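Down below is the structure, laid out as structure tokens.
Lettering follows sequence order; numbering is per chain, from 1. Keep in mind that what you see is a predicted model, and the values were worked out from it rather than measured.
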Number of protein chains: 2
Amino acid sequence: MSPDHDHPRPALTVDCVVFAIGDDGLEVLLIERDHEPFAGSWALPGGFVEMDENLESAARRELEEETGLTDVFLEQLYTFGATDRDPRGRVVSVAYYALVDRAHAHLAADSDAAAVDWHSVAALPGLAFDHREIVAAAHERLRGKVRYAPLGFELLPRHFTLTQLQRIYEVILDSALDKRNFRRKILAMGLLVDTGKLQRGVAHRAPRLYRFDRRRYKQLERDGFSFWL
Amino acid sequence: MSPDHDHPRPALTVDCVVFAIGDDGLEVLLIERDHEPFAGSWALPGGFVEMDENLESAARRELEEETGLTDVFLEQLYTFGATDRDPRGRVVSVAYYALVDRAHAHLAADSDAAAVDWHSVAALPGLAFDHREIVAAAHERLRGKVRYAPLGFELLPRHFTLTQLQRIYEVILDSALDKRNFRRKILAMGLLVDTGKLQRGVAHRAPRLYRFDRRRYKQLERDGFSFWL
DNA sequence: CCAAAAGTGTTTATGATACACCCATGT
DNA sequence: ACATGGGTGTATCATAAACACTTTTGG
């Protein structure tokens, strides 16, 4: 017996809000739509969920197909189901957000899309469907969660400097942070490991490179420690 | 053109995790299923989303139909879409959680359900589908969010005493709180209004009744204030 | 008059904030 | 040598935590 035999079903899609930090601050990855509806408009990467795949798998598949990105940090955001959100009919969309290191994210536009490109969150073009609302929800989630979860590291390469990390937080929280206080606090958590390497090739004193100790984070988390910035 | 014309679609449901504080601590409202699958098992109230209703509307409708509850605090939790979560086939469920004042929640079992009743979260019976996992996710969300959002008030009648409020937090956070510190902190936020009334009929000094000032909360929130406990 | 919860301040400890200069490197 | 960001410590302030007794009411 089918769950609802003759019962009509909404279509189900996933959409991905991919964030990175660029020169213009926080940026989102958008694709230019090739087909109707909203052909020519910018939109979030996403598409229909297959019958035999989990939701997160669908999000990862669509992301790879449409942008070339794989192995990114990905988390479910919210499910958007307003009855009029798609002009073609009833379409419910499970939205995810992803965090990537812009410098190491090599993009490859799909045949379905005219283009793939980064756009400053502060100056988005007109978006298809309710995608502006979805980006706004993702942005709010990121701003809230970055303070109590180790999300900042997902926007950086595996080895990074404290100044790079501080910039991540300054961009997301949209406020200047004190360098000494920031460094003291983040190092005091004991989650950063000094790799012993230095970043050479910069026209000033070579900064130390750190990495985030995921194993230790999970350990401390179990022991009741909570990340806080 | 239909969004996916010949493309098969998962079925879409909503499920509600309704919390209240009872004598056994945190409790969840469950219905005893009348029909297969899982006939006789306890399950979350919920059901299929109609083509012309929003997701939250569907959750409220199912909640009223199956338990009689209306006008509750309701928030989207997470969407569960594991391919094997329903033995009948592919069913994706958008889960919501609700908070109600147990004393004022008058229940009415639907014809579809053999029974509706409260169950201690600490000692749940076996649940249908992946409902145990959904309850766990809702519980975690509640524990996390109650500290930075004014959710506690949703579990009390409009007029309440500070001791009642403290108990809410103690139950949800599962830790004892200092009475004097609790009262100082919660009153300092300026969100509670002394109604001037006393709760009579108790075998001890009559406590003052307060109410939560929602208008003022929204005001302060806009001004950058953030609830914290 | 007894039981039961209401109500009320102060001290101490901890964590947050503010703040300025010298150092190392590449050009 | 100069421009650029890297790296470091202390004093002050604000918030959190610990803690015990008197008051009021109903039975």
TODO: Just call it for Arg183(B): base, sugar-phosphate, or nothing, with non-hydrogen atoms closer than 4.0 Å on any strand.
DONE: base
Task: Audit row: Arg85(A), Ile134(A), side chain to side chain contact (heavy atoms under 4.5 Å, CB included) steps and yes/no - done: CA-CA 11 Å; Arg85(A) 59 177 295 283; Ile134(A) 298 179; 4.2 Å; yes
Task: Position toward the 5' end of DNA chain D (nearest nucleotide), Arg184(A) or Lys179(B) - done: Arg184(A)
TODO: Determine the interplanar angle of the His131(A) and Phe129(A) rings, folded into 0 to 90°, and report it as parallel if under 30°, tilted if 30 to 60°, perpendicular if over 60°.
DONE: tilted
Task: Per Asn181(B) side chain, nearest of listed nucleotides dA17(D), dT17(C), dA6(C) - done: dA17(D)
- [ ] Check whether the side chains of Glu75(A) and Tyr97(A) place a donor and an acceptor atom closer than 3.5 Å, and report yes or no.
- [x] yes
Task: Side chain of Arg205(A) - closest among dG5(D), dC19(D), dA6(C) - done: dG5(D)
- [ ] For side chain to side chain contact (heavy atoms under 4.5 Å, CB included), just list the numbers for Val94(A) and Gln76(A), CA-CA rounded to whole Å, side-chain angles, deciding distance to a tenth of an Å, and then say yes or no.
- [x] CA-CA 8 Å; Val94(A) 183; Gln76(A) 193 183 301; 3.8 Å; yes
Task: Atom-to-atom span, CZ of Arg200(B) to P of dA4(C) - whole angstrom - done: 20 Å
TODO: Mind checking Thr163(B) for me? I need base, sugar-phosphate or nothing, with any heavy atom below 4.0 Å counting as a touch.
DONE: sugar-phosphate
TODO: Report the residue (Leu198(A) or Leu198(B)) whose heavy-atom-nearest nucleotide on DNA chain C is the more 5′ of the two.
DONE: Leu198(B)
Task: Contact nearer the 5' end of DNA chain C, comparing Ala206(A) with Asp178(A) - done: Asp178(A)
TODO: Name the closest nucleotide to the Arg180(B) side chain, picking from dA4(C), dG26(C), dC19(D).
DONE: dC19(D)
